[in-house]
Amino acid sequence: MLNKTILSLLFIFFCLLNMVYAQEINWFANSTINAVTLIQKKVQNTFVNHGVGILFSPTNNNRAIIATCEHLTRGKEFYVVVDADTNFLKIMANIHKSYLIINETTWEIDGNQLKTKITLIKDSTYVTHPDTSLDIAAFPIDLSSYVRLHDSTKILCTETTFVGTRNIGNKKMIRLGEDVYFVGFPFGIGTQFTLEPLVRSGIVSWVSEKSKVYLLDAFSYGGNSGSPIFTKMSSLSEERNKPFLIGMVIGHLGIENENFGLARCVSIEDIITVVEKAKKLK
């Protein structure tokens with residue numbers, strides 16, 4: 001009888017352990033991880049990883065909006081990279097086409113990815129936040145998940161997702177001790193064949209009413225500029241049953257080559273301010 005009781009207790013313990021483990025690893029959503037683009041710049045005919053763009057849902061004319069860091073726009077041009085759908089690549093290979101045109105934008109097929117050049121002209125092709133210290137920029141881009149070929153066949157061209165209104169949080173969610181994760185490509189990780197961004201977690205460690213910038217207790221490196229910050233999901237809370245975008249990484253604190261492990265971030269409200277400005281660009 002005692003042995004049966006012990007076995008029963010062990011069974012209950014392992015069930016509870018599995019439940020806790022499942023909750024621990026179920027704190028992010030793949031849709032949020034796939035809602036980023038790689039931003040590259042061209043240096044002596046070589047594409048160099050530059051940062052991250054956050055994709056916001058397209059409008060009726062298929063123009064999505066990408067938010068990123070303003071310091072990435074300090075040049076004449078850069079390139080936006082997204083993954084191409086495998087079946088789409090096969091179809092394009094069969095019809096011997098190496099590019100895709102959406103509205104007036106040409107996307108070049110580069111291996112397993114789609115790439116397009118963005119000419120950077122302030123207030124013409126991109127906009128920034130009125131407060132330049134916030135380091136936020138945004139620009140419209142012709143991109144949608146599905147496209148029509150010349151024979152009117154509708155096909156999926158990319159499995160890249162978009163941040164919709166249901167996943168947009170607010171400043172009240174930026175609370176001390178809040179568990180968050182952010183998505184990016186530090187050190188070029190996850191950029192070789194398909195985009196497989198690195199997910200890092202941390203907590204909100206400093207918020208001040210006197211500053212529009214807040215800090216995460218997390219390590220941010222080159223390649224995290226523009227990384228979206230999401231709240232972690234929790235099955236134990238109705239408020240946290242899905243991840244919410246609450247900000248963007250713009251840099252980190254440090255001296256010379258030293259990284260203090262504190263990521264500098266801006267809030268979702270300030271990002272949306274710039275996104276709305278970008279929607280007005282022609």
Side-chain angles (χ1 to χ4, degrees), residues 28-40 47 51-68 78-119 125-126 137-168 183-185 190-197 199 226-228 230 242-245 248 271-272 274-282:
F28 65 86
N30 286 328
S31 59
T32 59
I33 294 173
N34 294 332
V36 297
T37 68
L38 173 64
I39 294 178
Q40 296 181 324
F47 289 104
V52 184
I54 309 170
L55 265 172
F56 288 86
S57 297
T59 55
N60 292 333
N61 61 359
N62 284 340
R63 301 208 87 191
I65 302 294
I66 293 180
T68 190
F78 61 35
Y79 294 79
V80 173
V81 183
V82 299
D83 275 343
D85 178 70
T86 303
N87 187 53
F88 165 79
L89 290 174
K90 291 178 181 178
I91 293 173
M92 297 301 276
N94 288 336
I95 62 177
H96 306 290
K97 288 192 68 173
S98 59
Y99 62 91
L100 169 69
I101 297 177
I102 302 177
N103 293 344
E104 298 179 359
T105 299
T106 299
W107 290 84
E108 301 289 342
I109 297 175
D110 183 13
N112 296 315
Q113 300 169 339
L114 295 170
K115 180 180 296 185
T116 191
K117 182 173 74 172
I118 303 296
T119 302
T125 60
Y126 77 97
F139 56 94
I141 191 167
D142 295 314
L143 179 65
S144 59
S145 299
Y146 288 87
V147 294
R148 292 190 183 276
L149 300 181
H150 294 302
D151 62 357
S152 295
T153 302
K154 189 176 182 180
I155 61 169
L156 180 72
C157 66
T158 177
E159 293 185 3
T160 300
T161 56
F162 303 86
V163 178
T165 55
R166 66 183 298 271
N167 289 113
I168 293 177
V183 185
F185 305 99
T191 63
Q192 294 302 313
F193 303 103
T194 58
L195 297 184
E196 299 172 321
V199 177
S227 288
F230 294 94
K242 58 179 176 284
F244 290 94
L245 177 65
M248 179 176 75
I271 297 170
I272 294 301
V274 187
V275 167
E276 291 300 319
K277 282 181 64 178
K279 289 180 179 179
K280 298 176 182 178
L281 294 178
K282 296 181 179 179

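No hydrogens, no waters, no symmetry mates; every other heavy atom, side chains included, goes into these values.
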Please walk me through it: do Thr153 and Arg148 pass side chain to side chain contact (heavy atoms under 4.5 Å, CB included)? CA-CA 5 Å; Thr153 302; Arg148 292 190 183 276; over 6 Å; no
Between Ile118 and Tyr126, is a side chain to side chain contact (heavy atoms under 4.5 Å, CB included) present by the stated rule, with each step listed? CA-CA 9 Å; Ile118 303 296; Tyr126 77 97; over 6 Å; no
Check against side chain to side chain contact (heavy atoms under 4.5 Å, CB included), Lys117 and Glu108: CA-CA 9 Å; Lys117 182 173 74 172; Glu108 301 289 342; over 6 Å; no
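A centroid separation of less than 6.0 Å is found between the aromatic rings of Phe78 and Phe139.
Here the shortest heavy-atom pairing between Trp107 and Asp142 reads NE1-O, 2.9 Å. Scanning both residues, Ser57 and Gly164, for their nearest heavy atoms gives OG-CA, 3.5 Å. In terms of heavy-atom proximity, Ile66 sits nearest to Gly53 at CG2-CA, 3.6 Å. Of all non-hydrogen atoms in Val274 and Ala137, the two that sit nearest each other are CG1-C, 3.8 Å.
In this structure, Lys97 satisfies the cation-pi test against Tyr99, with its NZ or CZ atom closer than 6.0 Å to the six-membered ring centre and inside 45 degrees of the ring normal.
Looking only at atom types and distance, the side chain of Thr161 has no donor-acceptor partner in the side chain of Asn34 under 3.5 Å away.
Annotation: side chain of Val52 is not in contact with side chain of Thr68 (no heavy-atom distance under 4.5 Å). Side-chain contact check for Asp85 versus Cys157: every heavy-atom pair is 4.5 Å or farther apart. Counting heavy atoms from C-beta on, the side chains of Val163 and Leu245 come closer than 4.5 Å. The closest side-chain heavy-atom distance from Val82 to Gln113 is not below 4.5 Å. By the 4.5 Å heavy-atom criterion applied to side chains, Val183 and Ile33 are counted as neighbours. Between Leu156 and Ser145 there is a side-chain heavy-atom pair separated by less than 4.5 Å. In this structure, Leu89 and Ile109 have side chains that are in contact, with non-hydrogen atoms separated by less than 4.5 Å. No side-chain heavy atom of Leu114 sits under 4.5 Å from any side-chain heavy atom of Leu143.
With values rounded to the nearest 0.5 angstrom, Glu159 atom CD is found 11.0 Å from Asn30 atom CG. Rounding to the nearest 0.5 Å gives a distance of 4.5 Å between CD1 of Ile101 and OG1 of Thr106. To the nearest 0.5 angstrom, Thr116 atom OG1 is 12.0 Å from Asp110 atom CG. Separating the CG atom in Asp83 from the OG1 atom in Thr86 is a distance of 8.5 Å, to the nearest 0.5 Å. Separating the CG atom in Leu55 from the CD1 atom in Ile65 is a distance of 10.0 Å, to the nearest 0.5 Å. The line from CG of Asn167 to CZ of Phe56 is 10.5 Å long, rounded to the nearest 0.5 Å.
Under the 30°/60° scheme for interplanar angles, the aromatic rings of Tyr79 and Phe47 are found to stand perpendicular.
Distance alone, capped at 3.5 Å, places no donor-acceptor pair between the Thr37 side chain and the Val80 backbone. The backbone N or O of Thr119 sits less than 3.5 Å from a side-chain atom of Thr125, completing a donor-acceptor pair. Looking only at distances, no side-chain donor or acceptor of Asn103 sits under 3.5 Å from a matching main-chain atom of Arg63.
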